[in-house]
Every structure is written in C-alpha cells, then in structure tokens.
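In what follows, a single structure is set out as structure tokens and then discussed.
First the proteins, then the strands, lettered A, B, ... as listed; each starts at 1.
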Amino acid sequence: MREPLPLRLYNTLSREKSDFKPAGSEVKLYVCGVTVYDYSHLGHAMSSIIFEVLHRYLEYRGFKVRRVQNFTDVDDKIIRKAVQEGTSADAVSDKYVQSFFDDMDALKIRRADLYPRVTREIPQIIDIIRQIEARGGAYDLNGSVYFRVLADADYGKLSHRSLDEMLQGTRFEAEQGKEHPADFALWKASKPGEPAWDSPWGSGRPGWHIECSAMVLHHLGASIDIHGGGNDLIFPHHENEMAQSETATGAEPFTRWWLHNGMLRLEGEKMSKSLGNIVQVREAIKRHSPEAVRLWVLSGQYRSPLLYDPESIEAQERALRRLRGAVEFQSPAGESAVDGAPYKQRFIDAMDDDLNTPQGIAAVFDLASAIYKGRDSGANVQAAQGTLREITGALGLSLDTRRVAIGAISDAEVDGMVRQRTDFRTQKRFADADGVRKQLEEAGIVIKDGPTGTTWTRL
RNA sequence: GGCGACGUAGCCAAGUGGUCUAAGGCAGGGGUCUGCAAAACCCCGAUUCGGCGGUUCGAAUCCGCCCGUCGCCUCCA
C-alpha cells in the first residue's frame, strides 16, 4: 500500500481544508455538548456520531486522542424548568445528563474521555474572568462582568463578520451601561431564587460562553487541536469563546481546527428545541437500529445539512443487510483470494479528505460486492472479510448485531421449527412447510433455502 | 438588510477543469438459487449535472445574471 496522504480537515476559521497535524503527542479534541434541560433529539445524536467518528478515525490513522465533551448545567431554561417542576436546577440537569447518556449509549456512541459540567468548574471560571480583567478585556457592571469586544482586535474572525456587520439589521439586547452593544456577559449578577456562587464581583453565575473556555483550558490546555460543534454555534458561542480564551491566556490560536457539522432538518427546517420540531432520540431508537441511524448520518458529508426522514433511515436498515451478509458466511477455502487493499485505500483516501464518509461508504459497499462475487467463484475471501470489518469498524459500525425484539423466540426454538419444516419439505408436505415458514416470518425470522441446506436470520 | 451554504437519476448522496458517455445506497426492472419463495446474490439505470449567457481546445466542475431551498446575525448540536 502506498504512503497515505495526510488527513485534511476543513477549518471554519480559515475557510479551507488543511493538512491536520496535532501540536503534541495526542489530539486534543473538545466537542460542545448539550444544555441539559430536556431529552436529547436526533440533531444531538447527529453531532455526537460525527465527532465520535472523527475520534475513531483519528485513532484508525494512528493518532492518540483525548475527547472532552461538556454539559451545560446552569442556564435560564434549566432554572425555568426547575421552577415549573418545583424542583432544583441540579435535579433537572442530573435527570437529563443521565438521559443523554442513556440515549447515546443506546445509539452505541462511544463515550468521550471526560464529561465536565459547568457547576463543577466554577473556581476555574472565576479564575479566567479575572485573567481577562487583568488584561483589560472585561469590566464590571452592577455585579455582572462583561467582555469588552473592542479590546479584542480580531473579534469576529471565526464567523467572518465585522462588528459593524453584526450590528446591521439586528438589535443586541440593550443592556443598560454596556460599552458596546456586542459586549456579552462573562458573569451574571444573581437574581433571587437562582443558583448562585460567590465571586469577586458578588453572588452570581457564569455567562453562557465562559464555561466552555474554562473547561477547555482546565482539561485540555490553552491551545487545542480540534474544537467541534454544530454550525449554529459559530456565532455567537464559539466566536465569544475564542475571544475570551485568547484574551485570558494570550495564547493563539485557542483552537487550531474549528469543525462544524451541518444541521439536521425536519421538513426543510432546522430541528431545534425552540422551533418545537424535534424527534427525540428515545423515540427514534424504538423504530431504528443504532447501526441504521449511524449509517444514515454518515451517508452525508458532515458539513452538509441532513434531512430527517424515517424512510431514509429504514433504507439504511436494508443496506446494512448487504454488509452483514458479506461477513456472515464462512469463506470458501479456495486459493484466489479477493484483495481488499484497494478498497481500503479508497476508504482512507475518502476519509482523509475532510471525512468524506459518503465516498468512504461507497468503497465499503464495493468491497462487500467483491466479497460476494469472490464467494460465488469459490475464492478465499476471508482476508477481505477482515478488511470489511476493519473499515466499517473505523466508522463505528458493527456488523455483528441484529435487531432482536424483546420477547423474541429463542435460537433453539427457531432451530427446532426449521428442522420440522425441513422434514415436511422432504416429505413434500409443502403446505405444512409453508405454514411453518409463515409462523417464523411473523416472528421476524427469514428462511433461506440454499444448495447446502436451510439457513435463517433475524430481520 | 448583512454574511454564508446548497440545487446531480423516483428518493438519499459523492464527484468541483480532461480518467465523468457522473461513485455508492434505497426504490424499480430483469435474472440466479428454490418445490414455490425470500427483505439473499448477480445484471440493468442520468448522453446528463436548477435556468440562461460567458471563459476554455475541453465545464457538473471557473465567471456573471436569474430562479429555488436552507443556515447564522436571538436560546440552539
């Protein structure tokens, strides 16, 4: 196999693809997680799958990776929900942190190495705000602290907007006394009944963006390799996060590669909690297998928007059978082996080009096809089957699992019924044989009569 | 209003100057296997890339205009 080309990743900051090389011995990867005030939806799943696949692929290409994904567990919506439900903000966030893990585990998304939570990082947050203050990047206003955008000469560089452009056509919240309309809160003075912590500026809580800065700096350092999230976070969240972090540490760049995934849409609109057009993960997994959801997400390039359509996921369910079928059979012991290497090379080339998963998956299906053809001509395809498992594994796609419905009949029962049907067939009692087959079909078992006997699989 | 992305077969989706008379998946048609079957395997599929001009020896790929869809500018993966 020839020397692989370097992995290239598209960077929102530079607006172009460039050869990826981590600064140190391990890739520092931070992914913006969810605000835990409700059940997660498929958009969160999409983002989580994409950055998990990035993690896996980096490892596949020989990098060591440390992935950190945060939970934002203090926020207006959490507080509001706590009030509605007559409970505490902690209780609300605990509940949805747990449900996030349950959902992502159900989707077989490999967990990050660390999941920090804002409320456990308050001292670090206060430290950073003090550093920003010390560098003239912040000012105190009635117990709140604001970031001074004019103190940051290149503010706007991530979202590629000047302050003038940002102000055009938009009204920033006219907070009394702010030096500039785009100045944003690093620390919010406490209001009665809200969670609050002591600080040099009085009792209060962190602003929206500062938490991520603190968690990145604390757990990964002043400059990280990759920062990921949905493209709806580019502005203001990531823009502000970068401005704060670079002001606090003086280290530039704060993030070497900014990666943003496209939005999941429902009926042409972005799926979002505020629009109310969401499909919760816990609903989706009742209907779809984790593998099908993953293949569906990866069927598009991660920067493009993805349209939710249950039929599309269902189609992946059928496509998966092709892949599973290609590794399930025992290879003929023949000599002329099928060479998986060219397919693997195509896969790597595609993935190296900013994770072109659609193209990578095309190579996967072509390899499956070659395996089937090899089998039919009696070739030894064992090594090729291994390659297929290897490259699907790099996508986090397991080919060994099938949907087994709760209360499904046992393998032994199926085997018994299949034997009985074979007896009927031997006796040419086809009506009885078909009756058994129908029964099995209703239980989700598919019968296949081949030259070497009858096999069955669960759908 | 400002900034940006996209429009490729019935559907999803790669390809961004010649190897494209355009990957891969789903659906559809034909076939193999089978007692009949099968959601299993094999074969077939756009002379064409939203529209109109232009650049070029050559464009789905570059430029301009138009039409359409979407995202950010406010909480958001």
Side-chain angles (χ1 to χ4, degrees), chain A residues 12 15 31-35 37 40-51 69 72 75-77 156 159-162 164-173 182 208 228-237 239 260-265 268-275 278 295-296 298-301 303-307 309 311-326 328-329 346 350 353 356-366 368-369 371-373 375-376 425-426 428-431 433-434 437 441 446-451 454-457 459:
Chain A
T12 305
R15 284 184 167 165
V31 181
C32 265
V34 294
T35 301
Y37 70 94
S40 46
H41 62 243
L42 279 176
H44 302 131
M46 176 189 179
S47 189
S48 297
I49 288 170
I50 285 163
F51 290 106
Q69 180 166 19
T72 298
D75 151 277
D76 290 345
K77 286 172 183 160
S159 52
H160 303 280
R161 267 173 270 207
S162 67
D164 286 347
E165 286 170 345
M166 286 177 207
L167 296 179
Q168 240 169 357
T170 307
R171 276 162 276 105
F172 276 83
E173 246 178 72
W208 176 32
N231 67 14
D232 54 348
L233 295 178
I234 295 171
F235 188 87
H237 185 56
E239 188 73 60
H260 292 99
N261 64 274
M263 290 294 101
L264 180 62
R265 294 190 207 158
E269 273 187 321
K270 170 182 162 186
M271 182 177 292
S272 102
K273 286 184 264 196
S274 47
L275 289 173
I278 61 164
L295 195 55
W296 166 67
L298 300 178
S299 70
Q301 209 273 345
R303 286 191 280 125
S304 301
L306 181 66
L307 191 66
D309 172 13
E311 298 298 323
S312 303
I313 305 180
E314 203 52 45
Q316 303 304 332
E317 214 82 66
R318 291 187 285 272
L320 273 165
R321 289 186 204 136
R322 255 177 85 66
L323 300 182
R324 289 178 182 136
E328 269 175 351
F329 63 86
R346 271 176 60 198
D353 183 17
N356 191 331
T357 51
Q359 211 166 64
I361 289 169
V364 166
F365 277 94
D366 284 344
S369 216
I371 289 170
Y372 283 122
K373 282 178 194 166
R375 173 191 66 178
D376 293 347
R425 292 178 68 221
T426 312
K428 306 253 189 260
R429 290 167 60 185
F430 295 121
D434 290 348
R437 180 168 65 196
E441 270 170 17
V446 173
I447 293 291
K448 196 190 315 189
D449 298 324
T454 299
T455 57
W456 60 270
T457 50
L459 265 192

Salt bridge (charged side-chain N to carboxylate O under 4.0 Å, His left out) test vs A:Asp366 passes for just one of A:Arg346, A:Arg322, A:Lys373, namely A:Arg346

Base, sugar-phosphate alone, or nothing: which one does A:Lys428 contact when heavy atoms must sit under 4.0 Å apart? nothing

Between A:Thr12 (side chain) and A:Ser159 (backbone), is there a donor-acceptor pair under 3.5 Å? no

Base, sugar-phosphate, or nothing: which does A:Gly43 touch, judged by heavy atoms less than 4.0 Å apart? base

Picking from B:A38, B:C73, B:A14, which would you name as closest to the side chain of A:Ser304? B:A14

Taking any heavy-atom pair under 4.0 Å as a contact, classify A:Gly33: base, sugar-phosphate, or nothing. sugar-phosphate

For A:Lys270, answer base if it contacts any base atom (sugar-phosphate contacts may also be present), sugar-phosphate if it contacts only those atoms, and nothing otherwise; contact means non-hydrogen atoms under 4.0 Å. base

Range-with-range stems of RNA chain B (Watson-Crick or G-U pairs under 3.5 Å, three or more in a row): B:1-7 with B:67-73, B:10-12 with B:24-26, B:28-32 with B:40-44, B:50-54 with B:62-66

Selection from B:A39, B:A77, B:C3 that lies nearest to any side-chain heavy atom of A:Glu165: B:C3

Verify, without hydrogens or angle tests, whether A:Glu239 (side chain) and A:Gly156 (backbone) share a donor-acceptor contact under 3.5 angstrom. yes

Touch class at under 4.0 angstrom, heavy-atom based, for A:Asp366 against every strand present: sugar-phosphate

Taking the side chain of A:Arg161 as heavy atoms from C-beta outward, which of B:C42, B:G2, B:G15 is closest to it? B:G2

Closest nucleotide among B:C70, B:G4, B:G15 to the A:Arg15 side chain: B:G4

A:Ala319 side-chain proximity, nearest of B:A77, B:U69, B:G25: B:G25

Out of B:A14, B:G24, B:A77, whichever nucleotide has its closest atom nearest the side chain of A:Asn261: B:A77

Which is true for A:Arg425 with a 4.0 Å heavy-atom rule: it touches a base, it touches only sugar-phosphate, or it touches nothing? base

Please tell me which of the listed nucleotides, B:C42, B:A13, B:G35, lies nearest to the side chain of A:Tyr372? B:C42

Counting any heavy atom closer than 4.0 Å, what does A:Ala362 reach on the DNA or RNA strands: base, sugar-phosphate only, or nothing? base

Quick one: A:Glu239 CD to B:G2 P, roughly how many Å, whole number? 20 Å

Have a look at A:Asn261 and tell me which of A:Ile50, A:Asp232, A:Leu233 forms a side chain to side chain contact (heavy atoms under 4.5 Å, CB included) with it. A:Ile50

At 4.0 Å (heavy atoms only), tell me whether A:Asp376 reaches a base, stays on the sugar-phosphate, or touches nothing. sugar-phosphate

Ranking B:A38, B:G35, B:C26 by distance to the side chain of A:Arg322, first place goes to B:C26

When all nucleic acid strands are considered with a 4.0 Å heavy-atom cut-off, which category describes A:Thr455: base, sugar-phosphate, or nothing? nothing

Measuring only the C1' atom in each nucleotide, how far is B:G51 from B:G4? A whole number of Å is fine. 23 Å

Please name all residues satisfying side-chain contact (heavy atoms from CB on, under 4.5 Å) with A:Ala326, sequence neighbours left out, ordered by chain then number. A:Ala368, A:Ile371, A:Tyr372, A:Leu388

When all nucleic acid strands are considered with a 4.0 Å heavy-atom cut-off, which category describes A:Asp75: base, sugar-phosphate, or nothing? nothing

Among B:C75, B:A77, B:A14, which nucleotide sits nearest the side chain of A:Ser274? B:C75

Whole-Å distance separating the CZ atom of A:Arg321 from the P atom of B:G24: 21 Å

If I pick the P atom on B:G68 and the same atom on B:C62, what distance separates them, to the nearest angstrom? 22 Å

What's the gap between B:G53 and B:G29 when it is taken at their C1' atoms, as a whole Å value? 40 Å

Looking at every strand, decide which applies to A:Ile447 at a 4.0 Å heavy-atom threshold: base, sugar-phosphate, or nothing. base

Looking across every strand, which nucleic acid part, if any, lies under 4.0 Å from A:Phe430 by heavy atom: base, sugar-phosphate, or nothing? base

Give one of base, sugar-phosphate or nothing for A:Ser299, where a contact means two heavy atoms less than 4.0 Å apart. sugar-phosphate

Contact class for A:Ile234 (heavy atom, under 4.0 Å): base, sugar-phosphate, or nothing? nothing

Taking atom P in both B:A23 and B:G18, compute the distance separating them and give it to the nearest angstrom. 15 Å

Just by distance, do the side chain of A:Gln359 and the backbone of A:Ala350 share a donor-acceptor pair under 3.5 Å? no

